[in-house]
Amino acid sequence: MRTRDFSAAPPLARAAVMLTVEPGRGRASAGWLRRVSRALHDPAPVRREWLRDGARRAGVIAWYADAAAATDARRRVQRVEGVVVQVHEAHPDGYSNGVWRAEDGQMAHVERFTPVGAEQEGPPVVRGLSEKGANLRVEPVRTEADLRDFLGLQPWGTRRETHGVPLWHRTVRSWWTGQGPHQAHGTVELFVVRDPWDTLAGRTTLHTDDRMDHKLGERTLLMGATEFAGEAALAVMVEHAEAVARQRGRTRLLGPVSLLPNQVGGVVTSGWDEPGFLDGPWSPPHYPRDWEALGFERIWPGSTWICPDLGSLDPVALFGGGPLPEGVVLRHADRRRLEQQLPVLRQMLNASFAELDYYTRIEADELAAATDGLSHLLDERLLLWLERAGEPVAFVLVVPDLTGFVRSTGGRLGPADALRLLATRRRHRRDAVLIIKGTVPGARGQGLMRHLSRELLEGLQAGGYATLRVTFVEEDNAGSQAQFVTMGGRPLHGTCFYTRPVHIGGDGGRDGAGGDGGPPAADAEAAPAVRLLTRAQDWGRAPSAHNTQPWDVQAADDDTLVLGWQAERELPVADASRRDLMLSLGAAARSLEAVAADLGLAADVRWAVDADTRRAAVVRLRAEGGTAGGEGAQDARTGRASEGGSPGAGRPAAGGPPARPPWTVADLQARATVRAAYPQHPNPCQVAEIARTAGLPEGTGLLHLPDRVVDELLPGATAHTLTGPAAAELAGWLRLTPRHPRHDLDGLSAQSLGLSRAEARVLGLLTGSGAARRTLAVSRLDRWVARTSQVRPRGAVLALWAAPGLTLDELGPLGGSLLDCWLAGERGGWSAHPLSELLDEPGSAAALHAHATRELGHPAQVYAVWRCGRPGTTAYRSPRLTD
């Protein structure tokens, strides 16, 4: 339809004139862009954006409500030297595209497209998560600048400066650097959402915690510290979270938690006019609406509380007088002995709340981190507990309310801030925050909390506190609420958390958009594809170059998985031919087969690589003894098509390798790369036994490379890795210090490479500095470094060979054969250490192909090379995204 009425359209649609400003010559400098942007700001435009040439800022665009404002802005911007201004006037006629319409003075979504031709009714307009955030992108926090953006982003909504409470910067930084106690339970990844002009639209964290998985009985991906400008920003974060969850075998999303529900988190569902406070959530009114619009359900609803005018209360009248029960002793905190008293507090915490659905056990290092610095600020009258026969039975922890101080610093606590806090700590003793209280099982119903409440109220009054605020209490916990009701308290904020199952299935789409129905549950009755996806911690142990873990496994329907790869996890320089990529995907397919067998399923793999869509294979699942895939199913071990769909289709002839993978989940979990000395190595007969156990298909085999060949080729190949074109790419996958934010997720750590601390520093310098690489290459010192870095004794060097020039479709099954060789070696006690550099360097690769051809007497090509032997040290278990 066509309309002239844009009165109800968004402001940008009502703009009359658009100005584009570019430099007359050369590129737009940062200073020039700032001057132009300032000139276009007065008068204020409807909107102002960067004009881009790819990712580079090339100019400025501004829209104005009327021609007079645009003329004034044009006059001002022309005073800036070297500008070229173009004026674009809006045409009075506009067209509906089926998504929005302006009609009868109202602006609304169109549910169906406008009919055209002979149509009586237009087709429906379909909107999904991707459409809601079409112009937004999710990016990991990689740099200090990204981290500053993450830290500076506060809740959207009115009065956010006075109502929200920023997270402590040092806490967030510990997540990013991986130094906090949370690392023992799962790595925390930080993400931000940006619009096309790099303006922040949201932030979140993604992490896992084995304790939460155990509590919920489901592998859960947690979203934390989540703030967003609107539903579109939340939608793209959820879409990204679901993609990560599917890749890691997670079946549920839960959030916002920072990092767990019993720490900080939740969404405010009422009481938005009341400011937030320390350790309590605050979020603007649109947050619940936006979470629920995306299919999330409320979980653990509760409320925060406020008890005002404490000075007017009579502790004895409210809670009764009298002595403590016989054998019960009241204890107070002692600043000087707080470190010794913390274990007592932790014992009561974990015992009192163990049965709550949201509570996860607090470890000693977590409590120490949470109370770091508390001794300097602690009011000893407000941390109380009762002991009976020397055993703690009830407790309450209240701290001075530092909300005003945290807001004044924006969450920072530098040396100057810490000194100011200590100097002014008495100013923060007007209000207090009750963090937690409880009674251990076996001591409840005996009035112990009544005695503690009386002592607490007397302590608050003695300290001059006027108000007590309480962190969230579940709505069905009437016992805890009774104390606050007795003290004249009232609910302050309604709170809840949100959860949603991860959508697995549908169309196998790569954007993660959900279907019409809800996602299936990941239990014994779930579809085969879902059951296999949830075992990602097993099949995700497949090997990959640089530990990139490039595979992307999605459910196409109940019985079908699509195996593809992620573009950002390719190695376009070192692996331009995608040889390593396809071998990794083949190993992942073989791992999927093994885990499927553990579930009582048979997996038939059809290889059909499509580089444009990044899809490699389809995995059809069926119960053992059933049929799968119909006609054209492929042999799962060779990739060659069978001729039928009967139970015997796709199985090799008698005497060939077994159709069901011989490997167990224990085999997959036990396999590890060992980059250490190999004092023992297999002899030719043992190498032949590895090949036999692996069941290598016809036209494929193992070749033991002579030491003279390896000695001649390996130094140059290693030098090429250190100083060649792929060195910078390698640097991006190195995690040489535990402080690296992805140290426990992927890539190559110092431990996995078998490097000492000094060697790790040297490698970081070589790969991270272009000047150092060029100097080494020119001086030929790179070969000396390569020789000195070789592991001795080296063990046997084995090569997997096949026909020359295999296609991508043929390389996938060969990757399965490669994993077969490594697993077969592990069963015999032989470990493997890849020497991919021998094939990454063109000269050494050509020499290996020529050697294989001479030794075998027919054309052959080497596709994988590795050291093999019995190491003198234990294997290092590399991290996995799916762990």
Side-chain angles (χ1 to χ4, degrees), residues 30 55 136-156 160-161 164-183 185-209 221-229 233-234 236-237 240-241 244 255-260 263-265 278 281 283 366 369-370 372-373 405-418 568 731-747 749 764 768 879 881:
L136 301 175
R137 65 186 188 277
V138 179
E139 295 181 345
V141 174
R142 294 191 180 96
T143 66
E144 286 282 348
D146 293 338
L147 183 61
R148 286 193 297 271
D149 287 343
F150 185 99
L151 291 169
L153 195 152
Q154 300 300 325
W156 270 271
R160 62 177 180 265
E161 292 82 6
V165 182
L167 293 168
W168 287 110
H169 284 199
R170 65 178 182 179
T171 299
V172 177
R173 184 173 288 275
S174 76
W175 301 345
W176 188 57
T177 57
Q179 292 183 299
H182 55 272
Q183 281 294 106
H185 302 282
T187 300
V188 183
E189 297 178 86
L190 280 62
F191 297 90
V192 292
V193 178
R194 300 184 188 274
D195 66 15
W197 306 278
D198 290 337
T199 303
L200 286 181
R203 78 176 187 196
T204 193
T205 65
L206 297 180
H207 61 287
T208 60
D209 193 294
L221 184 66
L222 304 170
M223 299 177 68
T226 305
E227 309 291 353
F228 49 92
L234 179 61
V236 297
M237 288 192 290
H240 179 75
V244 171
V257 291
S258 302
L259 292 169
L260 289 165
Q263 295 172 340
V264 182
L278 194 67
S283 54
E366 291 177 309
D372 183 28
F405 173 79
V406 177
R407 285 199 185 103
S408 71
T409 65
R412 295 178 297 275
L413 191 64
D417 299 312
E568 65 272 17
W733 289 97
L734 292 177
R735 288 83 170 97
L736 299 178
T737 167
R739 297 183 62 182
H740 194 289
R742 302 190 65 84
H743 181 271
D744 296 322
L745 289 172
D746 54 18
S749 65
L881 293 165

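Values reported hereafter were calculated over all heavy atoms of this structure, with side chains retained and with hydrogens, waters and symmetry mates removed. This structure is a prediction, so every number in the text was calculated from the model and none was measured.
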Side-chain donor or acceptor of [X] paired with backbone N/O of [Y] under 3.5 Å:
X	Y	value
Thr226	Gly224	yes
His240	Arg137	no
Thr177	Arg173	yes

Beyond-backbone contact of [X] with [Y], side-chain heavy atoms, under 4.5 angstrom:
X	Y	answer
Trp175	Leu147	no
Trp733	Asp746	yes
Asp146	Val192	no
Ser749	His743	yes
Val193	Leu200	no
Thr205	Met223	no
Gln263	Val257	no
Arg742	Leu881	yes

If I compare all heavy atoms of [X] with all of [Y], which pair ends up nearest, and what's the gap?
X	Y	value
Pro140	Phe191	CA-CD2, 3.6 Å
Ser174	Thr171	OG-O, 2.6 Å
Leu221	Ala241	CD2-O, 3.3 Å
Phe228	Met237	CB-CE, 3.7 Å
Gly411	Pro166	N-CG, 3.7 Å
Ala233	Ala201	CB-O, 3.2 Å

How long is the gap from [atom1] on [X] to [atom2] on [Y], to the nearest 0.5 Å?
X	Y	atom1	atom2	answer
His207	Leu222	NE2	CG	4.0 Å
Asp149	Leu190	CG	CG	12.0 Å
His740	Thr187	NE2	OG1	12.0 Å
Ser258	Trp168	OG	CH2	15.5 Å
Leu151	Arg170	CG	CZ	13.5 Å

- Hey, mind stepping through Asp209 and Leu259 against side chain to side chain contact (heavy atoms under 4.5 Å, CB included) and telling me if it holds? CA-CA 9 Å; Asp209 193 294; Leu259 292 169; over 6 Å; no

- Message: Regarding Glu139 and Arg203, does a basic nitrogen lie under 4.0 Å from an acidic carboxylate oxygen?
- Response: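 A salt bridge is absent here (no side-chain N lies under 4.0 Å from a carboxylate O).
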
- Assess whether side chain to side chain contact (heavy atoms under 4.5 Å, CB included) is satisfied between Leu167 and Phe150, documenting all intermediate values. CA-CA 11 Å; Leu167 293 168; Phe150 185 99; 5.6 Å; no

- Message: For a side chain to side chain contact (heavy atoms under 4.5 Å, CB included) check, start with the C-alpha distance between Thr199 and Arg194, then their side-chain angles and the critical distance, and finish with the verdict.
- Response: CA-CA 5 Å; Thr199 303; Arg194 300 184 188 274; over 6 Å; no

